[in-house]
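Worksheet: one structure, shown below.
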Amino acid sequence: MSLWRLLRPFMLEHRRTYTLAVLMLLVTNTIAMLLPWWIGRTVDALSVRQLSAAQLAESVALIGVMGLAIYVTRFLWRRLLFGTAYTLGVRLRSRFYATLLTLSPQFFHHHSSGDLLARATQDSDAIEMAAGEGVLSSVDGSLMLVAVLVSMVLVVDAPLTLLAILPFPLLAWLFYKTAKRVQQRFTISLNHFSRLSEHSQEALSGIRTLKNHDLIEAEIASFAQQASATSEADYRVERAEARYDPIVFITMGAAMLLTLIVGTLRYQSGAITIGNLTSFTLYLVELIWPMFAIGWCLNLLQRGEAGARRLNEVFDAEVDIKDSGTLEHLEGSDLAVSIPHFSYPDTQRAVLQDIDLTINAGTTLGIVGATGSGKSTLLKLLVRQYEAQTHRITLGGHALQEYRLDTLRSAFAYVPQNAFLFAATLAENLRLGKPNATTDELYEALDRAAFSSDIGALPEGLETMIGERGVTLSGGQRQRIALARALLCDAPILLLDDTLSAVDYTTEQRLLHTLTQQHGERTLVIVSHRLSAVAPADHIVVLEEGRIVEQGRHAQLLALRGHYAALWEHQATRRNGSGEAYP
């Protein structure tokens with residue numbers, strides 16, 4: 001049972017709290033069972049005129065004290081249970097988030113951010129409710145049911161009790177059928193909510209594209225359709241849950257009818273007194289809550305089970321990149337790459353093959369090639385975003401797998417193609433590269449990334465909120481901020497994946513000057529469509545369909561009159577045509 005897998009260790013850890021809550025619950029139920037008995041006794045005494053006014057006042061006062069005691073103990077055990085359940089909710093979300101951070105990119109190819117957000121909210125809430133309301137309803141309902149039935153048998157009349165509970169087996173069977181239906185429909189509802197969250201997230205992220213292509217009306221219609229499907233799924237859940245109340249009312253109505261008929265006959269025959277019948281009726285009323293509690297409990301447990309299954313899909317996801325290395329310090333920044341063959345896990349097509357490279361510390365490697373030739377994939381393998389299949393990559397003479405992941409990742413400052421900026425201030429985004437960076441260091445990094453002239457246009461300078469994914473900035477500004485963040489890092493290896501693609505020629509030359517100053521201090525690996533960005537490199541490789549088809553220095557590649565030279569001449573012609581001098 002998926003829900004029990006999540007609840008068991010938590011309940012064992014908090015067993016003292018749960019035990020105290022159950023003890024409080026026992027006290028509550030014990031007092032609740034004494035009330036009908038005491039009221040029946042009082043009624044019998046009144047019927048034979050054996051109760052004085054003072055004794056009646058004392059009896060009523062005792063009933064009031066019992067009611068107050070029930071209120072206090074019920075408040076305490078509810079607070080204990082619900083407070084603990086909220087702790088579980090926090091832990092589940094923290095564990096969910098921590099798990100996501102350990103999973104490889106392959107996992108996120110199959111799970112959208114909208115779906116994961118739905119699991120972190122709706123599914124976690126369902127489990128939290130099961131740990132709080134569900135435990136409350138199950139324990140309270142079960143104890144109350146047993147206590148009431150025992151009291152009815154021992155205190156009042158066993159034959160009358162057996163007849164009154166004849167409808168209960170039917171109730172149990174109907175509850176079971178309804179609970180199964182609720183679980184099935186709630187699982188469907190959660191899946192619909194995930195798709196709605198995914199749809200919303202995609203629409204908000206691509207709102208500019210939708211507006212530019214005049215697709216707003218179509219998007220509204222599409223969202224309305226998805227929302228309607230989600231609403232219908234929720235309605236089907238509510239419709240299934242709505243069967244609990246009629247089942248309880250019909251069962252209790254039948255039990256009450258049997259009590260009135262058989263109880264009257266038993267009273268007339270002298271088997272029970274009018275006080276006994278009064279107590280029995282009150283006990284029967286007490287059964288209403290356990291019936292509702294058990295129905296509510298089944299509802300919450302089925303919801304929690306559905307949510308737990310979806311959360312466990314994430315918790316059980318295989319961590320492709322195992323953090324099993326032991327090296328905590330770099331043994332050097334020389335890189336050696338040997339990739340006979342690499343393909344992504346979901347495909348058979350070779351993305352890289354027959355790649356052999358040596359990148360000495362402090363040198364610069366340029367990587368060029370057409371779109372889809374494997375340039376970005378090679379960088380992802382260097383930072384171990386994907387696990388080795390047949391390839392071997394060493395850093396400082398040791399395989400990447402021999403390093404602890406935090407040690408390995410700290411060796412690289414990586415600027416991917418689509419640089420991500422958070423919905424925070426400019427300074428906060430920069431300090432991701434160096435948390436303790438001073439303001440002067442931030443300005444220096446921005447200047448080296450050719451952003452110093454842009455910062456004056458920002459309304460609050462370094463404290464300007466740049467919006468989700470840097471929405472308030474241009475593509476070139478986002479790239480330069482990401483580069484500045486990387487330059488702040490103390491990592492010995494700098495990986496740039498087409499970082500200069502969205503900047504003009506003048507800015508490109510300033511950035512190349514910055515990168516040239518890094519020569520000898522850092523190992524640079526530059527992926528670019530612009531050959532001018534890699535021309536100064538110590539070594540350049542040309543990739544085509546995952547293979548190295550040419551390699552050498554800039555002058556050597558031009559002399560070959562091959563792919564590199566043809567592309568160089570093409571780009572030079574375009575530059576000259578636009579009036580820009582080309583080196």
Side-chain angles (χ1 to χ4, degrees), residues 101 321 323 325 327-335 359-367 376 378-385 393 395-396 398 400 403-422 424-452 454-455 462 466 469-470 473 476-501 503 510-528 533 537:
L101 294 181
I321 311 300
D323 190 6
L327 295 179
E328 298 183 357
H329 303 285
L330 293 178
E331 301 292 332
S333 56
D334 294 329
L335 283 164
I359 311 170
N360 295 321
T363 62
T364 300
L365 171 69
I367 305 174
S376 298
L378 180 55
L379 296 192
K380 291 175 182 177
L381 293 177
L382 290 179
V383 295
R384 207 182 162 205
Q385 285 191 9
I393 301 176
L395 173 61
H398 295 275
L400 299 185
Y403 289 96
R404 289 170 50 94
L405 274 179
D406 54 353
T407 302
L408 176 66
R409 301 279 164 79
S410 67
F412 296 92
Y414 178 32
V415 185
Q417 272 184 311
N418 300 313
F420 190 91
L421 299 180
F422 291 89
T425 65
L426 174 58
E428 288 170 332
N429 271 280
L430 291 172
R431 285 196 173 100
L432 290 173
K434 186 178 182 181
N436 60 348
T438 65
T439 301
D440 288 341
E441 287 177 318
L442 298 183
Y443 278 114
E444 180 184 355
L446 289 172
D447 182 61
R448 294 164 67 190
F451 198 83
S452 55
D454 297 75
I455 195 169
L462 289 173
I466 60 177
R469 297 175 181 267
L473 305 172
Q477 288 176 321
R478 287 195 294 271
Q479 284 187 333
R480 282 176 283 151
I481 290 175
L483 177 59
R485 183 167 61 195
L487 292 174
L488 269 174
C489 291
D490 296 325
I493 304 172
L494 182 59
L495 307 179
L496 305 180
D497 191 356
D498 217 11
T499 306
L500 311 181
S501 62
V503 300
R510 290 184 58 189
L511 293 175
L512 289 176
H513 177 69
T514 295
L515 297 179
T516 301
Q517 291 179 322
Q518 299 285 310
H519 191 273
E521 299 177 4
R522 283 182 171 182
T523 303
L524 297 180
V525 180
I526 303 174
V527 169
S528 180

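For clarity, every value in this text was computed on a predicted model and none was experimentally measured.
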- To the nearest 0.5 Å, what is the distance between OG1 (Thr364) and CG (Leu494)? 9.0 Å
- Which atom names give the shortest non-hydrogen contact between Val415 and Ala486, and what distance separates them? CG2-CB, 3.5 Å
- Sequence neighbours left out, what passes side-chain hydrogen bond (donor to acceptor under 3.5 Å, both in side chains) with Arg409? Give chain and number order. none
- How long is the span from the CG atom in Leu473 to the CD1 atom in Ile481, to the nearest 0.5 Å? 4.5 Å
- Sorted by chain and residue number, the side-chain hydrogen bond (donor to acceptor under 3.5 Å, both in side chains) partners of Glu428 (sequence neighbours excluded) come out as Thr425
- Message: Nearest 0.5 angstrom please: Leu487 CG to Arg448 CZ, how far?
- Response: 5.0 Å
- Is Thr363 reaching over with its side chain to a backbone N or O of Asn360, donor-acceptor style, under 3.5 angstrom? yes
- Message: Please find the pair of heavy atoms, one from Leu430 and one from Leu462, that lie closest to each other, and give the distance.
- Response: CD1-CD2, 4.2 Å
- Please answer whether the main-chain N or O of Arg404 pairs with a side-chain N or O of Asp323 as donor and acceptor at a distance below 3.5 Å. no
- Between atom CG of Leu483 and atom CZ of Phe451, what is the distance when rounded to the nearest 0.5 Å? 11.5 Å
- Query: Does any non-hydrogen side-chain atom of Leu432 lie less than 4.5 Å from one of Phe420?
  - Reply: no
- What residues, two or more places apart in sequence or in another chain, satisfy side-chain hydrogen bond (donor to acceptor under 3.5 Å, both in side chains) together with Gln385? none
- Message: Give me the atom names and distance for the closest heavy-atom approach of Ser376 to Asp497.
- Response: OG-OD2, 2.7 Å
- Query: Which heavy-atom pair separates Arg431 from Thr438 by the least distance, and what is that distance?
  - Reply: NH2-C, 4.2 Å
- Note on the structure: Between Gln477 and Asp454 the two heavy atoms that sit nearest each other are NE2-OD2, 3.1 Å
- Item | Close side-chain approach of Arg480 to Leu511, heavy-atom, < 4.5 Å | yes
- Item | Tyr403 side chain to Leu395 backbone, donor-acceptor under 3.5 Å | yes
- Of Asp498, Leu496, Leu379, which is the lone residue that meets side-chain contact (heavy atoms from CB on, under 4.5 Å) with Gln417? Asp498
- Item | CG on Leu327 to CG on Leu400, rounded to 0.5 Å | 11.0 Å
- Do you know the tightest heavy-atom contact between Ser333 and Ile493? O-CD1, 4.0 Å
- Item | For Asn418, side chain to side chain contact (heavy atoms under 4.5 Å, CB included) partners two or more places apart | none
- Please step through side chain to side chain contact (heavy atoms under 4.5 Å, CB included) for the pair Leu378 and Val527, ending with a clear verdict. CA-CA 10 Å; Leu378 180 55; Val527 169; over 6 Å; no
- Check the pair Leu382 / Tyr414 against side chain to side chain contact (heavy atoms under 4.5 Å, CB included), numbers first and verdict last. CA-CA 10 Å; Leu382 290 179; Tyr414 178 32; over 6 Å; no
- With sequence neighbours excluded, what pairs up with Ser452 under the side chain to side chain contact (heavy atoms under 4.5 Å, CB included) test? Asp447, Arg510
- Query: Would a 4.5 Å heavy-atom cut-off, applied to side chains only, mark Leu365 and Leu335 as touching?
  - Reply: no
- Separation between CD1 (Ile466) and CG (Asn429), nearest 0.5 Å, reads 4.0 Å
- Looking at residues at least two apart in the chain, or sitting in another chain, which of them share a side-chain hydrogen bond (donor to acceptor under 3.5 Å, both in side chains) with Ser528? none
